[in-house]
Amino acid sequence: MKMIKFVPALLLLACGCVSQPQVPKMKMAMGVPDGKVKYAPVPADNLSLQLLSKTYLYAGKSGSLIFALSNNGSQAISIPEWYAKEQDNITVFVQPWLTGMKEPHPEAWTKLDFELTQPVMHYPMTLLPGNKALINKNLEFIQHLKVSPGMERRYFVKAEMNLKSLKLSSKIITLRVLPSQKSGEK
């Protein structure tokens, strides 16, 4: 009879257990200054870097592109070297698309220089399966361009992770720069 009293209590304990998704255990320090820690390589097998935003911008106006770092695998991926400021995590390369070109010249890429946001700090990021980290990258040179009405400028653009521990590039895209729109135009 005493055993029957314990069965409901055991059932309650067994039903109350919930499993949590497994995140790899790794020693991570929060807010680590740049250059203070050596980071282990992060496997890029299940990661992809792709452009999410439109592929055209307007000359003379502020312009930016949105990239996504996606975890396409079934396991969480930890990136301890992740910069606190999202835009510092990628570098963008461009080259003009000249008349007659069908693909970019492999040695003509220009790295868009940018200053890392100060102070430069790393915060670990864990990217769960099926999730994305969005990175908005401002292209300052677009503000200084002028394009005649009815014309456009084209550029080849690619992005690379700006992390020593993660080597990953996006596919090359074509960016069109259109003439500036006047207010009220669509």
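When a residue number appears, it is its place in the shown sequence, counting from 1.
- With sequence neighbours excluded, the residues satisfying side chain to side chain donor-acceptor pair (under 3.5 Å) with Ser165 are Glu81.
- Of the inter-residue distances, the one linking Trp82 atom CH2 with Asn89 atom CG reads 4.0 Å to the nearest 0.5 angstrom.
- Put simply, the side chain of Lys137 never gets that close to the backbone of Val92: no donor and acceptor are under 3.5 Å apart.
- Phe141 and Met151 fall within the same hydrophobic cluster, where Ile, Leu, Val, Met, Phe, Trp and Tyr residues are linked whenever their side-chain heavy atoms come under 4.5 Å apart, directly or through other members.
- When every heavy atom of Leu127 is checked against every heavy atom of Ser70, the shortest pair comes out as CD2-C, 4.1 Å.
- With sequence neighbours excluded, the residues forming a side chain to side chain donor-acceptor pair (under 3.5 Å) with Ser64 are Asn136, listed by chain and number.
- The side-chain hydrogen bond (donor to acceptor under 3.5 Å, both in side chains) contacts involving residues 147-157 comprise Glu152-Arg154, Glu152-Arg176, where partners must be two or more places apart or lie in separate chains.
- Taking every heavy atom of both residues into account, Ile90 and Ala159 meet most closely at CD1-CB, 4.3 Å.
- Rounded to the nearest 0.5 angstrom, Ser62 OG and Gln143 CD are separated by 5.0 Å.
- Following chains of ILVMFWY side-chain contacts shorter than 4.5 Å, one can reach Met125 starting from Ile135, so the two form part of one hydrophobic cluster.
- Side-chain contact between Asn71 and Leu128 is absent, with no heavy atoms from C-beta onward closer than 4.5 Å.
- Taken together through direct or relayed side-chain contacts under 4.5 Å among Ile, Leu, Val, Met, Phe, Trp and Tyr, Trp97 and Leu65 form parts of separate hydrophobic clusters.
- Every residue meeting the salt bridge (charged side-chain N to carboxylate O under 4.0 Å, His left out) condition with Lys158, not counting sequence neighbours, appears here in chain and number order: Glu160.
- Residues meeting the side-chain contact (heavy atoms from CB on, under 4.5 Å) test with Pro104, sequence neighbours left out: Gln95, Trp109, Phe156, Ile172.
- Nearest heavy atoms, Leu168 versus Leu69: CD2-CD1, 3.5 Å.
- Residues Ala68 and Lys132 approach most closely at CB-CD, 4.0 Å, considering heavy atoms.
- Separation of atoms OG (Ser180) and CD1 (Ile142) is listed at 12.0 Å; rounding is to 0.5 Å.
- For the salt bridge (Lys or Arg N to Asp or Glu O under 4.0 Å) condition, no pair includes a residue of residues 85-99, sequence neighbours left out.
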When the side chains of residues 43-55 are checked against the rest of the protein, which donor-acceptor pairs come out under 3.5 Å, sequence neighbours left out?
| residue | atom | partner | partner atom | Å |
| --- | --- | --- | --- | --- |
| Ser48 | OG | Asn72 | ND2 | 3.1 |
| Ser53 | OG | Ile66 | N | 3.0 |

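- For the pair Val157/Leu139, no side-chain contact is recorded, criterion being any heavy-atom separation below 4.5 Å from C-beta on.
- Applying the side-chain contact (heavy atoms from CB on, under 4.5 Å) test to Lys111 and every residue at least two apart in sequence or in another chain returns Thr91, Phe93, Asp113.
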Candidate pair Tyr83 and His122, rule side-chain contact (heavy atoms from CB on, under 4.5 Å), full reasoning: CA-CA 4 Å; Tyr83 285 101; His122 296 279; 3.2 Å; yes
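- When every heavy atom of Tyr58 is checked against every heavy atom of Pro179, the shortest pair comes out as CD2-O, 3.2 Å.
- Put simply, Met161 and Val120 are part of the same group of oily side chains (I, L, V, M, F, W, Y) that touch within less than 4.5 Å, one to the next.
- Residues satisfying the salt bridge (charged side-chain N to carboxylate O under 4.0 Å, His left out) test with Glu140, not counting sequence neighbours, are none.
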